[in-house]
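In what follows, a single structure is set out as C-alpha cells and then discussed.
The residues of the chain are indexed from 1 along the displayed sequence. Quick note: numbers below take in every heavy atom, side chains included, and nothing from hydrogens, waters or symmetry partners.
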Amino acid sequence: MQTKAEFRDFLKSKRTHAFCMRDTIVMQKIFSFIATYKRPKAYKYYRHNRLSYYQNIKPFYNILLYNALESEVKTHTIIASLLRNKKYQVFIPKVEKVSFKMVKYRLPLVKNKFNIKESLCSKNSYNVIVDIAVIPVLGVDKNLKRIGFGKGMYDKFYATLRIKPYNIFVSRVSHISEFALCDWYDIMADIYVSSYP
C-alpha cells in the first residue's frame with residue numbers, strides 16, 4: 001500500500017507550472033458556491049468535551065482564500081469579485097514560523113520566502129469565524145482528507161479554530177487515493193474541485 005509521503009511525492013512530480021485556461025471554470029464554480037452558500041443560524045463547537053452553540057449574528061460572510069503559486073488554481077478573480085461586495089470579508093494566510101495567521105486581504109502584496117504573495121497587514125484575526133475556506137491541495141485520500149505540501153501549516157492553523165469552516169479543496173488535476181493515508185488531525189474537504197477530472 002502506498003504511504004502518504006509516497007503519494008505526495010508522486011503528486012509533486014505531476015505538477016505543472018504552465019498557465020491553465022480551465023482555472024477560469026474552477027474559479028466560476030467556487031465563486032458560484034460562495035454566492036449561494038447559506039450559513040447556519042448557529043455554529044456548533046465542542047467546549048470542555050460538550051457540544052455548544054454560538055448564535056450567528058454576523059452581517060457578512062468571512063472567506064479564507066489563498067494567493068496561488070504558478071502550479072495552483074488562480075483565485076484572483078474570486079478575490080476581486082468578493083472585495084466588490086460588502087457582504088463578504090476576505091482573508092488570506094500570512095506564513096508565521098511553522099504555521100500561518102489569518103489576515104485581512106490588503107494591498108500591496110509582497111512575496112514571502114515560499115514565493116507566496118502575502119498582505120503587508122500583520123494584524124492576526126484571532127476571533128474571526130470563517131464561513132468558507134478555499135484551500136489548495138496536491139490531492140486527497142479516499143476520505144477526502146488533504147494531501148498538502150508537507151509543511152502541516154493548515155493542520156496547525158485549524159487546530160487553533162474553535163469553529164471549523166466549510167472546506168473547499170482545489171487543485172489543477174483531481175488526485176484521489178484509493179487508500180486512507182492521512183492522520184486523524186488532517187483536515188477534510190466538504191467539496192473537492194479541480195480543473196481536470
Side-chain angles (χ1 to χ4, degrees), residues 1-8 11 30 33-66 75 82 87-105 114 116 118-119 121-171 174-193:
M1 180 176 125
Q2 195 175 40
T3 67
K4 180 180 177 181
E6 289 170 341
F7 189 49
R8 176 184 290 116
L11 298 182
I30 294 170
F33 181 83
I34 292 172
T36 57
Y37 177 78
K38 301 295 182 186
R39 63 187 171 205
K41 292 182 179 178
Y43 298 102
K44 296 179 183 179
Y45 68 99
Y46 283 89
R47 184 178 183 184
H48 305 304
N49 294 322
R50 295 181 61 182
L51 182 63
S52 300
Y53 294 88
Y54 180 85
Q55 187 177 5
N56 185 1
I57 56 173
K58 296 190 282 83
F60 38 71
Y61 289 78
N62 295 320
I63 312 296
L64 175 64
L65 280 149
Y66 65 93
T75 57
L82 294 177
K87 178 181 175 181
Y88 301 104
Q89 291 194 118
V90 178
F91 297 84
I92 57 174
K94 186 178 180 71
V95 174
E96 192 174 62
K97 296 180 181 179
V98 295
S99 184
F100 66 79
K101 59 184 178 181
M102 188 175 72
V103 299
K104 265 195 171 183
Y105 184 93
F114 299 108
I116 301 170
E118 296 180 332
S119 174
C121 172
S122 60
K123 184 178 179 182
N124 197 345
S125 303
Y126 282 112
N127 298 317
V128 171
I129 296 174
V130 179
D131 294 291
I132 298 174
V134 182
I135 301 171
V137 300
L138 289 172
V140 296
D141 76 358
K142 66 178 292 186
N143 298 317
L144 293 186
K145 287 199 165 191
R146 182 175 186 260
I147 307 291
F149 296 88
K151 302 292 185 183
M153 289 185 179
Y154 275 93
D155 298 321
K156 294 180 181 73
F157 171 72
Y158 266 59
T160 69
L161 299 181
R162 181 179 63 173
I163 297 169
K164 304 299 190 279
Y166 190 97
N167 294 325
I168 302 175
F169 286 2
V170 56
S171 65
S174 177
H175 290 294
I176 304 175
S177 172
E178 59 183 298
F179 303 108
L181 304 175
C182 295
D183 298 300
W184 64 268
Y185 52 79
D186 287 313
I187 60 177
M188 183 185 299
D190 291 288
I191 185 171
Y192 177 34
V193 295

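Atom NZ of K151 has 12 or fewer heavy atoms from other residues, nucleotides or ligands within 6.0 Å. In the displayed structure, F60 atom CZ is contacted under 6.0 Å by more than 12 heavy atoms of other residues, nucleotides or ligands. The number of heavy atoms from other shown groups lying within 6.0 Å of CG (L51) is above 12.
Within the model, atoms CD1 of I168 and CD1 of I30 stand 6.0 Å from one another, a figure rounded to the nearest 0.5 Å. Within the model, atoms CD of Q2 and CZ of F179 stand 7.5 Å from one another, a figure rounded to the nearest 0.5 Å.
Put simply, the side chain of R8 gets close to the backbone of G148: a donor and an acceptor are under 3.5 Å apart. Remark: the backbone N or O of Q89 is not paired with any side-chain donor or acceptor of K104 at under 3.5 angstrom.
Within the structure, the salt bridge (Lys or Arg N to Asp or Glu O under 4.0 Å) test picks out the following pairs touching residues 55-64 (sequence neighbours left out): K58-D131. Sorted by first and then second residue, the pairs that involve residues 156-166 and meet side chain to side chain donor-acceptor pair (under 3.5 Å), not counting sequence neighbours, are Y158-N167.
Side-chain contact check for L65 versus Y105: every heavy-atom pair is 4.5 Å or farther apart. With a 4.5 Å cut-off on side-chain heavy atoms, D183 and K4 count as touching. Using a 4.5 Å cut-off on side-chain heavy atoms (C-beta onward), P93 and L64 make contact. Counting heavy atoms from C-beta outward, Y154 and P136 have side chains that approach closer than 4.5 Å. A heavy-atom distance below 4.5 Å is found between the side chains of I163 and Y54. For the pair V137/I147, no side-chain contact is recorded, criterion being any heavy-atom separation below 4.5 Å from C-beta on.
Contact record, V170 with V134: CG1-CG1, 4.1 Å, taken as the closest heavy-atom pair. Contact detail for F7 and I176: the closest heavy-atom pair is CZ-C, 4.3 Å. Of all heavy-atom pairs spanning D190 and P165, the tightest one is OD2-O, 4.0 Å. Of all non-hydrogen atoms in I92 and S119, the two that sit nearest each other are CD1-N, 3.7 Å. Summarising the geometry of V95 relative to E118, their closest heavy-atom pair is N-OE2, 2.6 Å, with the distance given to 0.1 Å. The two residues F169 and L144 have their closest heavy-atom pair at CE2-O, 3.6 Å.
Residues satisfying the salt bridge (charged side-chain N to carboxylate O under 4.0 Å, His left out) criterion with D141, sequence neighbours excluded, are absent altogether.
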- [ ] Could you go through the side-chain contact (heavy atoms from CB on, under 4.5 Å) check for L181 and T3 one step at a time?
- [x] CA-CA 6 Å; L181 304 175; T3 67; 5.9 Å; no

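Aromatic ring orientation, Y88 versus Y61: tilted (interplanar angle from 30° to 60°).
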